[in-house]
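Here's the structure we're looking at; comments come further down.
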Amino acid sequence: MSSDTETDHNAGQAPLGELAGAVRSVALQLAPDGWGRPLSLERPPNADLGDYSTNAALVLASAARKSPRELAEGIGAMLSERLQGRLARFEVAGPGFLNLHLDDAWHRQSLAAVLGAGQRFGAGGAAAERILVEFVSANPTGPMHVGHARNAAYGDSLSRLLDFHGHQVEREFYVNDAGSQIRKLGESIQALARGQEVAADGYQGEYVQELARRIPQAATLEAADLGKAAVLLMTEQIEASLRRFGVLGYDHWQYESKLHEVREDLRGRDGEPVSAVQHALQLLEDAGHTYSSEGALWLRSTDFGDDKDRVLVRGSGEHTYFASDIAYHQIKRERGYQRQIDIWGADHHGYIPRMRAAYEALGGDPGELEMLIMQLVHLMRGGKRAAMSKRAGEFVTLDDLVEEIGVDAARWYLLSRSHDTTIDLDLDLAVRQSSENPVYYVQYAHARIASMLAKAGADRVGEALEHARGAGTVAAGAVAGGAADLDGERAEPLHPSERDAIKQLLDFPNEIAEAATRRAPHRVAAYALTLAQTFTAFYRDCKVVGVQPQSVESTRIGLCVAVQGALARSLDLLGVSAPQEM
RNA sequence: GCCCCCGUAGCUCAGCUGGAUAGAGCGCCGGACUUCUAAUCCGAUGGUCGCAGGUUCGAAUCCUGCCGGGGGCGCCA
């Protein structure tokens, strides 16, 4: 597809944004007091009701001191004038909906605008922020399971989405390589290497044995060193699994252990270098948000809405995990992000109030910190809940999932549902049904277009695109006398399926904006499926390659190119491939 | 006991900052391949949007209570 025309940032929002703007400005002329109220511009439930529908009159009736229907009439009349010939007609319906019927020229111009935007169609639009997205952050004590898979797919896709929407995104993995769990892992490996029993609360399973085999001289090493060596191996393995799963590379790997190391650039009250953890604790102490009790140091998190105060430093002198996490968030603040997004598993939700409290105690604006909770993936077998025990080594890993159903089906399955609903994953069923996965429907539509364009030939496609892109200017100049195409001939009327496909395409920028703003990549999947369906209906109804007259073929080729682009973009945002043939 | 998420068609789920006749995929039933890709298409079946109140021109959507399912409430990480 063509990507040469990289126009301004808002090009992606046109032309639907332009129509919405026209409705808004006309409506506010009639009801100036209604400024600031949100007006809808939607596809009506029934195609007979028109191309678009607005509730402007319903929303603004009171401000205009008119009946909704009367106001709708007024808006329609003014809009008609403003859009010149492109608004074929309008109707007031029901309590005061204003239904707009747009003519073919408007559709052609809109398609031309989409083609003109090229790869940037739907991009940008956000008030750009520098955002850090931290996701997966699986403990390096074992392989990743399907819960991590969901977190990975979501975090990766959300990052892509935010980036495409115009934000400056960095991705980070927080490695919990400190604390008792690593010690336990080291001890477990040591026991296995020495042919002893693993402690009851230690780590079991195939992968621990493998770690013991892969670490040279494991039997002679101390547990602490074994732990360190295992973390390295596990982190490597995690990174490789994520890469196979299509996760774009992380910009940062932050090791928890580093937060405990003294840094030259951080100075304590006495001017001596301190660690990030000490630095953060001093900030809290200096701000008067801590106190000592029962031999421990506490954060007065209840001052910031938490249920109870929390321990930062134990009676034993050890820092809690919470203290590390506070330091981690403080370091991220100091790195200059405008927004931190943490993507956590459902078991962390109780952790949110204290983290938010700590963030505020550090002097941060709690609105900058978003902690998104992924609901669980329930593993099923034959319709029944299956146990997942890491200790016993019984779980389905990310690698298993990919091997069984492939990256595309797995990612689509995990991403086509909202992150705050629990997912039942029946692997047997998933394998059996993977060929029914809607992802293939979307990919098929993409491949089909590729095949059609190949049949038309690159030269013909290029020529057609030039023609289709020109529709904007020509139609604009020919509004009064009816639409004409480039050669001045009368344009053939668009088929209803063509008009539908164009309108479906025009929704793309809004869908992207919604999905990004609401942190909801599953909306992209839903959109892609609908677009593929709308395109397939067009394919059924309208011959493209070889259709006469040639101007019709040109428009349709242009539509194919535009749809293919939006499908490819949607799939890419989900981390799913867009094949040329299937 | 308190906190978070969920409850929509037989199944899995969209729709939720209020809009018109509540949607999709799968399953089930009946049809369509000499076609630019049938991994497709067309048609049929299928819902008291958990229950009860409230808010209003209008509620699956917002508020309250209840019921049911899942998860969480450590000086663990």
Side-chain angles (χ1 to χ4, degrees), chain A residues 38 40 42 44-46 49 53-55 58-59 61-62 67-68 93-97 99 139 141 176-182 184 201 256 293-298 307-308 310-325 345-354 373-376 378 383 385 413 416-426 429-430 432-433 435-445 447-456 517-518 520 522-523 525-527 529-530 533 536-537 539-547 553 556-557 560 581-582:
Chain A
S40 74
E42 296 172 325
N46 184 330
L49 296 175
S53 167
T54 176
N55 67 354
L58 286 161
V59 172
S62 62
S67 80
F97 290 102
N99 293 332
N139 286 338
T141 52
N176 297 133
D177 64 335
S180 57
Q181 52 171 359
I182 304 299
K184 242 177 242 172
D201 62 345
E256 183 189 354
S293 171
E294 303 162 57
L297 181 70
W298 298 71
D307 294 353
K308 44 184 157 182
R310 308 289 175 176
V311 172
L312 297 169
V313 182
R314 294 180 202 132
S316 67
E318 283 178 297
H319 294 113
T320 58
Y321 175 82
F322 185 41
S324 301
D325 222 3
D347 55 339
H348 275 63
H349 96 265
Y351 196 70
I352 292 178
R354 84 187 68 164
I373 294 301
M374 305 296 301
Q375 291 302 318
L376 299 185
H378 286 149
R385 287 281 288 282
Y413 189 86
S416 56
R417 291 143 174 79
S418 162
H419 68 92
D420 53 22
T421 189
T422 47
I423 289 183
D424 288 333
L425 178 65
D426 190 321
L429 209 62
R432 208 172 329 133
Q433 291 183 346
S435 64
E436 312 295 335
N437 192 314
V439 71
Y440 299 121
Y441 185 95
V442 178
Q443 290 182 316
Y444 189 68
R448 173 181 266 161
I449 295 172
S451 161
M452 293 162 74
L453 296 177
K455 179 163 181 177
T517 307
R518 293 160 78 150
H522 75 276
R523 285 179 160 261
Y527 172 79
L529 184 57
T530 305
Q533 286 168 328
T536 304
Y539 169 82
R540 177 195 68 218
D541 296 336
C542 301
K543 188 170 169 57
V544 177
V545 180
V547 74
E553 188 193 39
R556 291 180 181 176
I557 287 177
C560 287
E581 57 182 66
M582 287 177 76

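The chains referred to below are lettered A, B, ... by the order of the sequence lines, with proteins before strands, and numbering in each begins at 1.
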Sugar-phosphate, base or nothing in reach of A/E581, heavy atoms under 4.0 Å: base
Heavy-atom donor-acceptor pair, A/S53 side-chain to B/rA20 base, under 3.5 Å: yes
side-chain N/O A/Y539 vs B/rA38 OP1/OP2, d < 4.0 Å: yes
Closest contact, heavy atoms only, A/H522 versus A/S418: ND1-CA, 3.5 Å
Touch class at under 4.0 angstrom, heavy-atom based, for A/A447 against every strand present: base
Sugar-phosphate only, base, or nothing, as touched by A/A296 at under 4.0 Å among non-hydrogen atoms: base
Residue mapping more 5' on RNA chain B - nearest nucleotide basis, A/C542 or A/T536: A/C542
Phosphate-side-chain proximity, A/R314 and B/rG74, N/O vs OP1/OP2 below 4.0 Å: no
Sugar-phosphate, base or nothing in reach of A/N46, heavy atoms under 4.0 Å: base
Sugar-phosphate, base or nothing in reach of A/G94, heavy atoms under 4.0 Å: nothing
Side-chain N,O (A/R518) to OP1/OP2 (B/rC16) below 4.0 Å: yes
Contact nearer the 5' end of RNA chain B, comparing A/V313 with A/T54: A/T54
Distance, nearest 0.5 Å, that separates CG of A/D325 from NE2 of A/H348: 7.5 Å
For atom OH of A/Y440 and atom C1' of B/rU40, their distance in whole Å: 17 Å
Donor-acceptor contact below 3.5 Å, side chain A/T320 vs main chain A/V311: yes
Ring-on-base stacking B/rA20 with A/F97 (under 5.5 Å, under 30°): yes
Sequence-distant partners of A/P438, side-chain contact (heavy atoms from CB on, under 4.5 Å), two or more places apart: A/W412, A/L529
Distance below 4.0 Å between A/Y441 side-chain N/O and B/rC41 OP1 or OP2: yes
Interatomic distance, A/K543 NZ vs B/rC36 P [rounded to whole Å]: 6 Å
Touch class at under 4.0 angstrom, heavy-atom based, for A/N99 against every strand present: base
Interatomic distance, A/M582 CE vs B/rA39 P [rounded to whole Å]: 9 Å
Whole-Å gap separating C1' (B/rG71) and NE2 (A/H348): 13 Å
Find every protein N or O atom lying less than 3.5 Å from an N or O atom of nucleotides 57-59 of chain B, and list the pairs.
none

Distance test, side-chain N/O of A/Y444 to OP1/OP2 of B/rA39, below 4.0 Å: yes
Donor on one side chain, acceptor on other, A/Q181 and A/N139, under 3.5 Å: yes
Touch class at under 4.0 angstrom, heavy-atom based, for A/A178 against every strand present: sugar-phosphate
Interatomic distance where CZ belongs to A/R354 and C1' belongs to B/rC4 [whole Å]: 14 Å
Nucleotides 22-24 of chain B: which of its N/O atoms have a protein N/O under 3.5 Å away?
| from | atom 1 | to | atom 2 | distance (Å) |
| --- | --- | --- | --- | --- |
| B/rA24 | O3' | A/Q533 | NE2 | 3.1 |

Expected output: side-chain A/D177 to main-chain A/E256 donor-acceptor under 3.5 Å: yes
A/Y444: partners by ring pair (Phe, Tyr, Trp, His ring centres under 6.0 Å), with sequence neighbours left out: none
Heavy-atom closest contact (A/S40 atom, A/N55 atom, distance): N-OD1, 2.9 Å
P-based separation of B/rG19 from B/rC33 [nearest Å]: 44 Å
side-chain N/O A/R448 vs B/rA38 OP1/OP2, d < 4.0 Å: yes
Interatomic distance, A/Q375 CD vs B/rC4 P [rounded to whole Å]: 12 Å
Out of B/rA20, B/rC36, B/rC3, whichever nucleotide has its closest atom nearest the side chain of A/H349: B/rC3
Pick out the pairs of N or O atoms, protein on one side and nucleotides 26-31 of chain B on the other, that lie under 3.5 Å.
none

Among B/rC41, B/rA20, B/rG71, the nucleotide that comes nearest once only the side chain of A/L376 is considered: B/rG71
Partners meeting ring pair (Phe, Tyr, Trp, His ring centres under 6.0 Å) with A/Y413 (sequence neighbours left out): none
Under 3.5 Å: donor-acceptor pair, side chain of A/H419, backbone of A/I373: yes
Any A/K308 side-chain nitrogen or oxygen under 4.0 Å from OP1 or OP2 of B/rG74: yes
Pair assignment for RNA chain B - dot-bracket with | for other-strand partners, Watson-Crick or G-U under 3.5 Å: (((((((..((((.....[...))))..((((.......))))......(((((..]....))))))))))))....
Interatomic distance, A/D541 CG vs B/rU35 P [rounded to whole Å]: 19 Å
At a cut-off of 3.5 Å, list every protein nitrogen or oxygen paired with a nitrogen or oxygen from nucleotides 42-47 of chain B, distance to 0.1 Å.
| from | atom 1 | to | atom 2 | distance (Å) |
| --- | --- | --- | --- | --- |
| B/rC42 | OP1 | A/R540 | NH1 | 2.4 |

Sort me out a list of protein N/O and nucleotides 8-14 of chain B N/O pairs below 3.5 Å, or just none if empty.
| from | atom 1 | to | atom 2 | distance (Å) |
| --- | --- | --- | --- | --- |
| B/rU12 | O2' | A/R417 | NH2 | 2.5 |
| B/rC13 | OP1 | A/T422 | O | 3.2 |
| B/rC13 | OP1 | A/D424 | N | 3.4 |
| B/rA14 | OP1 | A/S418 | N | 2.7 |
| B/rA14 | O3' | A/H522 | NE2 | 3.4 |

Parallel, tilted or perpendicular, as decided by the 30° and 60° cut-offs, for the rings of A/Y321 and A/Y351: tilted
Check: A/E42 side chain, A/S53 main-chain N or O, donor-acceptor pair, under 3.5 Å: no
Any residue meeting side-chain contact (heavy atoms from CB on, under 4.5 Å) with A/S67, in chain and number order, not counting sequence neighbours: A/R69, A/E70
Nucleotide B/rC76, atom P - distance to CD1 of A/I182 in whole Å: 17 Å
Counterpart residues, side-chain contact (heavy atoms from CB on, under 4.5 Å), relative to A/Y539 (two or more places apart): A/R448, A/M452, A/F535
Set of side-chain hydrogen bond (donor to acceptor under 3.5 Å, both in side chains) partners for A/T536, sequence neighbours left out: A/Y441
